[in-house]
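Before any comments, here is the structure.
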Amino acid sequence: MSVFVAVDSIDKVFPLSGGGEYIALKGINLEIKKGEFISLIGHSGCGKSTLLNMIAGLDLPTEGIVTLEGKMVKQPGPERMVIFQNYSLLPWLTVRQNIALAVDEVMSGYPAEERKQIIEEHIDLVGLRHAVDKYPNQISGGMRQRVAIGRALAIRPKLLLLDEPFGALDALTRGNLQEQLMQICDRYQITAVMVTHDVDEAVLLSDRIVMLTNGPKSKIGGILTVDIPRPRQRMEVVNHPSYYSLRSEIIYFLNQQKRIKKLRAKKTETIARHGLEKVNLELGFVPLTACAPVVIAQEKGFFAKHGLDEVSLVRETSWRGIVDGIAGGYLDAAQMPAGMPTWLTAGGNQEQPLPVVTALTMTRNGNGITLAKHFYDKGIHNAQALSRMLLESTDKPHTFGMVHPSSMHNILLRYWLAAGGMDPDRDVHLQTIPPAQMVADLKAGSIDGYCVGEPWNLRAAMEGVGFTVATDLEVWNGHPGKVLGVREDWANKYPNTHVALVKALLEASQYCADSAHHQEICQILASRQYLSTNVEYIQLGDPQNITCSLETPMREYAHHRFFGEGMNRPSRTEHLWMMTQMARWGEIPFPRNWVEILERVCRVSVFSTAARELGITDIKYRREPIKLFDGIPFDAEDPISYLNHLKIKHDFTMAEITLDTRPLIAA
Amino acid sequence: MTTTVKLNKNGTKNNPVLAFWQKHKNDLIPPLVGVIGFLLLWEMTSHLPGMRLPGPSSLFTDERTRILLLYPFYDRGGLDKGLFWQTMASLGRVAQGYSLAAIVGISVGILVGTQPFLDKALDPIFQFLRMVAPLAWVPIALVALQQNHPAAIFVIFITSVWPILINTTEGVKQIPQDYINVQKVLQLSKTKFFFKILLPSALPYIFTGLRIGIGLAWLAIIAAEIVMSGIVGIGFFIWDAYQQNYISEIILAVIYIGAIGLILDRAIAYLQKLIAPGQ
């Protein structure tokens with residue numbers, strides 16, 4: 001379909017009363033197709049209403065143009081009818097007169113009889129026959145808005161613009177009106193743009209949701225396509241698998257905007273002290289058992305010991321928050337899934353290569369693959385059985401949760417599925433879900449299984465909703481779990497801070513590895529500001545111990561490993577293997593300059609300096625090949641032929657990834 | 001038992017005055033107590049030694065006043081007329097001056113309200129003239145118009161036009177953005193905008209102006225008539241009575257003036273209800 005409405009690089013600048021100006025919108029581009037329903041969502045003051053007004057022609061852009069069917073919008077007109085939040089009915093006219101005023105004026109070319117018919121038709125359309133001679137102040141808010149909708153539709157606009165149409169209504173009325181509006185829009189194929197701050201409303205009504213960032217200089221932060229089929233029912237859309245992911249996507253976006261606003265207001269200044277370039281660090285983490293080194297470094301004072309006495313831990317609920325924090329420059333460093341530095345560097349995030357380095361592997365193991373209980377009841381206890389079952393029952397799509405494309409969970413789950421003969425994209429559906437949400441989704445039945453770090457496998461087993469079908473011990477024992485990641489430009493700017501940070505975390509890892517401290521660590525992790533969970537779900541221990549006494553099959557519990565020989569030093573071989581896996585599934589192109597990328601991602605020098613200064617000299621680089629459960633050898637000298645040998649894979653691409661270090665922490 | 005209750009019920013129902021009193025006594029007793037108390041206090045004060053102001057009872061006890069009170073419609077020609085005729089003469093002047101003020105005030109108000117340039121140009125003049133007291137206009141009017149009657153009408157006009165004009169201007173300027181948006185989006189014609197949006201939207205403001213205006217007009221006429229000797233009118237009646245020391249007549253006239261002012265205000269309020277219901 002062709003473009004119906006085009007918003008072309010619009011800027012809007014408001015002059016301020018005290019001189020100066022306020023740039024409300026900057027560089028907005030939007031194309032709307034005929035018959036599409038678009039929602040504009042964002043925090044108050046983000047300029048969404050301003051944008052709507054510019055489409056309506058009530059306001060003109062400072063730069064750029066809006067076109068409707070190729071014609072530039074210069075002034076308001078009835079072909080772009082607006083439904084205002086406060087209804088904008090004329091209180092001295094009855095319901096019928098209000099509609100008639102619009103119809104008689106706009107459709108003055110029609111014979112009077114026909115106009116009358118249109119008026120009556122639309123009174124019936126919005127179901128106001130019984131109140132037709134009442135004045136607006138004699139009817140309820142919901143009815144008033146129905147009059148406004150009837151008035152707008154009666155003049156047959158090409159484009160319907162709605163400015164928070166249901167904002168002032170109670171929930172029940174709002175729901176009914178949303179449904180009515182949706183039916184009318186479906187029936188008449190109306191093109192509409194709606195401003196709203198109600199996430200559910202946006203998902204219910206829209207074909208696409210345009211999310212605006214906070215002002216000043218608001219821009220489009222993202223556009224979501226709602227793939228829920230029409231006609232939609234308000235009570236049924238919530239059951240559609242996309243509903244909650246769309247919803248959480250929007251809420252994540254809105255929360256992120258709020259945080260950015262807060263961070264902007266905070267105005268961080270770099271504090272240099274103790275010979276370190278920066279001691280006030282914002283350190284991101286995701287609440288998992290694997291965050292123990294980060295938490296312990298803070299709680300047991302390892303950061304302060306190494307001079308970093310103003311570290312604040314920033315809890316993110318999903319890895320996406322970590323990505324945005326690192327990309328946006330408001331996190332100094334973060335706990336990352338092992339694949340993330342490579343993934344970011346190779347342009348996994350919005351195809352924008354962002355050089356990120358890692359100088360420390362903080363944890364290994366601690367992950368598992370959980371399947372819903374009903375698989376167990378059907379006798380599916382391993383990948384082969386699962387594969388057989390999936391191939392036999394193709395009618396129902398099976399959804400598995402993982403936490404991030406670049407995390408070990410995604411990589412291992414895909415590897416495990418593929419080794420079992422399943423194509424992780426064709427035979428099942430993989431969905432990104434924040435770790436803490438996995439058990440709830442499994443319980444609700446919206447996913448069939450997941451691969452995630454502890455405590456979420458153990459918890460599913462203990463709550464009886466799922467069982468651990470495979471742990472790290474059966475996929476890749478000793479794989480890297482979480483690493484410390486910082487931006488390359490940050491590492492170059494604050495080299496001493498980087499070393500101090502690695503030292504603190506390395507010592508914390510050492511502390512975590514001592515079983516004498518486990519009780520204490522579990523208590524700390526379970527507290528509200530970290531995992532906020534029942535302490536019994538958190539298990540630390542000797543990875544060789546059988547502590548998890550699930551019912552059969554008896555599983556060896558893949559405990560986290562925090563410290564030990566060859567554990568913490570970043571390994572290029574491992575990162576290369578992860579790179580091949582991410583390329584295998586199309587998360588990133590395989591870099592032609594993979595040697596350069598690896599060199600830059602793995603800051604072994606920082607690790608070595610840190611270890612030496614700590615006096616830990618017995619940490620050697622463990623030169624041993626990667627051993628996965630299926631026994632396929634990985635040749636670190638020739639990753640491309642390894643990739644080619646794998647049977648189930650995507651058509652991966654090769655690309656030269658040009659890295660230019662941008663000066664980013666300028667603010 | 002039941003029959004007695006029934007009888008009682010019927011008894012109250014059969015007496016509408018009693019029923020009305022039962023229903024509204026809580027609203028009626030306080031003002032009655034207030035008014036009677038005030039009159040009693042006044043009456044008592046008037047009997048104090050050295051007090052020259054007569055009490056309310058003088059309306060009956062004083063013979064001249066009693067005649068005026070009981071025969072408002074007599075007409076002995078010249079200035080010697082009953083209070084009804086005196087009042088009507090004053091009201092007639094008010095009607096003329098006030099109508100003129102309403103016509104000029106509303107039309108100029110709309111013009112000024114819609115033209116920001118005119119608004120800025122004329123606002124200081126309006127604000128200045130508004131502050132001139134009605135009595136100050138009397139000599140100017142007499143000098144300019146030479147005669148009593150047109151001068152009186154002019155004074156009424158010039159006193160009552162400002163609140164009407166300024167309120168109308170404000171009403172037109174204060175048309176809610178919502179209605180302006182409706183006009184813009186529907187691209188309503190000028191006449192339709194005027195009659196369907198501008199005028200109805202400004203009506204409450206206009207009526208506020210009209211109500212203030214009628215009050216001022218009534219105040220002005222009394223003042224003007226006192227100064228303009230030798231005409232029929234309740235203002236001059238008071239002045240005349242004062243000159244001749246008929247104090248109780250003044251009291252009677254004052255009661256008339258208050259009552260008429262109240263009625264005029266109510267009348268405009270009623271008119272507003274009639275023209276712009278529910279606003």
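Just so it is clear: chains get the letters A, B, ... in the order the sequence lines come, proteins before strands, and each one is counted from 1. Computation of the quantities below employed the complete heavy-atom set of this structure, encompassing side-chain atoms and omitting hydrogens, waters and symmetry-equivalent molecules.
- Contact annotation for residues 102-129 of chain B against chain A (heavy-atom separation below 4.5 Å): no residues qualify.
- Neither the backbone nor the side chain of Glu79(A) comes within contact range of chain B; no heavy atoms are under 4.5 Å apart.
- In this structure, chain B has a heavy atom under 4.5 Å from the side chain of Ile155(A), while its backbone stays farther away.
- Around CE of Met182(A), the count of heavy atoms belonging to other residues, nucleotides or ligands within 6.0 Å exceeds 12.
- The list of side-chain hydrogen bond (donor to acceptor under 3.5 Å, both in side chains) pairs with a residue in residues 147-167 of chain A, not counting sequence neighbours, reads Ser49(A)-Asp163(A), Glu69(A)-Lys158(A), Glu164(A)-His197(A).
- Heavy-atom minimum distance, Gly77(A) versus Gln187(B): CA-CD, 4.0 Å.
- For residues 175-186 of chain B, the interface with chain A (any heavy-atom pair closer than 4.5 Å) comprises Asp178(B), Tyr179(B), Asn181(B), Val182(B), Lys184(B), Val185(B), Leu186(B), sorted by residue number.
- For a heavy-atom cut-off of 4.5 Å, chain B lies close to Leu101(A), Ala102(A), Asp104(A), Glu105(A), Val106(A) in residues 99-119 of chain A.
- Put simply, the side chain of Trp92(A) never gets that close to the backbone of Ile197(B): no donor and acceptor are under 3.5 Å apart.
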